[in-house]
Amino acid sequence: MEDASMHVGIRGPLYSPDDLKNDQELGFKTIHCDELEKHGPDHVARRIRDRIGDHPLYLSIDIDVLDPAHAPGTGTPEIAGLTTRELLNILRGLAGVNLVAADIVEVSPAYDHAEITSLAAATIAYEMINLVVCRSR
């Protein structure tokens, strides 16, 4: 479903100017962290909902979308990411979507100071489960 795929939370640096061009050619829409900063989580959730409609949604969260202050336990930390609050509010804004599967990747316990990243991942998983449960009611 090339008309329903997205990358959310993209921030710099990119590896090549072609990174975004390749995504676009493969049918992905991109929401940069700067757009979230400017318009807020509700705007981002609305863009996602408008894009996917009632298509089945596979949601994959790469934990390094969060700023290292909120998820230091990842192999590829980058500054200027989302806060846990922003990500949770985006997920909550997706209530009613047709979520059929989800995962959380890149949690690296060896780098996780005080289990901050694990707690974030567990909370994100809880919110994703809520999306499935609320839809089935």
A.B. asks: Under 4.5 Å between side-chain heavy atoms, hopping through other hydrophobics if needed: is there a path connecting Leu59 to Val132?
C.D. replies: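 Leu59 clusters together with Val132.
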A.B. asks: Can you see which heavy atom on Ala45 is nearest to which on Leu94, and at what distance?
C.D. replies: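 Nearest heavy atoms, Ala45 then Leu94: O-CD2, 3.8 Å.
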A.B. asks: Any chance you could measure His7, atom NE2, to Asp19, atom CG, to the nearest 0.5 Å?
C.D. replies: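 So the gap between those two atoms works out to 10.5 Å.
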A.B. asks: Same hydrophobic cluster for Ile104 and Leu82, using side-chain heavy-atom links shorter than 4.5 Å among ILVMFWY?
C.D. replies: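 Yes, it is one cluster - the side chains of Ile104 and Leu82 are joined through contacts under 4.5 Å.
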A.B. asks: Quick one: does any side-chain atom of Thr74 pair with a main-chain N or O of Glu106 as donor and acceptor, under 3.5 Å?
C.D. replies: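 Looks like yes, one N/O pair under 3.5 Å.
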A.B. asks: Using 0.5 Å steps for rounding, measure from the NE2 atom of His32 to the CD atom of Glu37.
C.D. replies: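 Separation between the atoms: 14.5 Å.
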A.B. asks: Is the backbone of Ser118 close enough, under 3.5 Å, to the side chain of Asp112 for a donor and an acceptor to pair up by distance?
C.D. replies: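 Here the side-chain-to-backbone pair exists.
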A.B. asks: Identify the heavy atoms of Thr83 and Leu66 that sit nearest to each other, and give their distance.
C.D. replies: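 So the two residues come closest at O-CD2, 3.5 Å.
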A.B. asks: Give, for atom CG of Leu87 and atom CD1 of Ile90, the distance between the pair rounded to the nearest 0.5 Å.
C.D. replies: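 CD1 of Ile90 is found 6.0 Å from CG of Leu87.
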A.B. asks: Within the distance-only criterion (no hydrogens, no angle test), does the side chain of Arg49 pair as donor or acceptor with the backbone N or O of Ala95 below 3.5 angstrom?
C.D. replies: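 A pair under 3.5 Å: yes.
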A.B. asks: With a cut-off of 6.0 Å (strictly less than), are more than 12 heavy atoms of other residues, nucleotides or ligands near OH of Tyr111?
C.D. replies: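 Not more than 12 within 6.0 Å, no.
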A.B. asks: Measure across Met6 and Arg47 and return the closest heavy-atom pair with its distance rounded to 0.1 Å.
C.D. replies: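 Scanning both residues completely, I find the closest heavy atoms to be SD-O, 4.2 Å.
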A.B. asks: Quick one: closest heavy-atom pair of Ala101 and Leu99, and the distance?
C.D. replies: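 What the structure gives for the nearest pair is O-CD1, 3.3 Å.
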A.B. asks: May I ask you to decide if Ile79's main-chain N or O and Asp67's side chain share a donor-acceptor pair within less than 3.5 Å?
C.D. replies: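 No; zero donor-acceptor contacts below 3.5 Å.
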A.B. asks: Of the non-hydrogen atoms in Asp54 and Asn98, which two are nearest, and what is the gap between them?
C.D. replies: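 Looking at all heavy atoms of both residues, the closest pair is O-ND2, 3.5 Å.
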A.B. asks: If every non-hydrogen atom of Glu86 is compared with every non-hydrogen atom of Gly81, which pair is closest and at what distance?
C.D. replies: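 Closest approach of Glu86 to Gly81: OE1-O, 4.5 Å.
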A.B. asks: Closer than 3.5 angstrom, by distance alone: can the side chain of Asp23 be matched with the main-chain N or O of Phe28 as a donor-acceptor pair?
C.D. replies: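 No; judged by distance alone, with no hydrogens or angles, the pair does not exist.
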A.B. asks: Hey, any chance Ile48 and Leu88 share a hydrophobic cluster, counting ILVMFWY side chains that come within less than 4.5 Å of each other, even indirectly?
C.D. replies: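 Yes, same cluster.
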A.B. asks: Less than 4.5 Å apart, any side-chain heavy atom of Pro77 and any of Asp64?
C.D. replies: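 A side-chain contact under 4.5 Å is absent here.
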A.B. asks: Starting from the C-alpha separation in whole Å, work towards a yes-or-no answer on side chain to side chain contact (heavy atoms under 4.5 Å, CB included) for His70 and Arg85.
C.D. replies: CA-CA 10 Å; His70 300 273; Arg85 177 174 294 155; over 6 Å; no
A.B. asks: Carefully, step by step, assess Val65 and Val8 under the rule side chain to side chain contact (heavy atoms under 4.5 Å, CB included).
C.D. replies: CA-CA 8 Å; Val65 74; Val8 178; over 6 Å; no
A.B. asks: So Ile61 and Glu127, do their side chains get closer than 4.5 Å, heavy atoms only?
C.D. replies: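 No, their side chains stay 4.5 Å or more apart.
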A.B. asks: Nearest 0.5 Å, what's the CG-CG distance between Leu36 and Asp42?
C.D. replies: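 One finds 10.0 Å between CG of Leu36 and CG of Asp42.
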A.B. asks: Evaluate the side chain to side chain contact (heavy atoms under 4.5 Å, CB included) criterion for residues His39 and Ile31: first the C-alpha distance (whole Å), next the side-chain angles of each, then the deciding distance (0.1 Å), finally the verdict.
C.D. replies: CA-CA 11 Å; His39 299 289; Ile31 299 177; over 6 Å; no
A.B. asks: Would you please test Asn89 and Val44 for side chain to side chain contact (heavy atoms under 4.5 Å, CB included) and show each step?
C.D. replies: CA-CA 10 Å; Asn89 282 327; Val44 172; over 6 Å; no
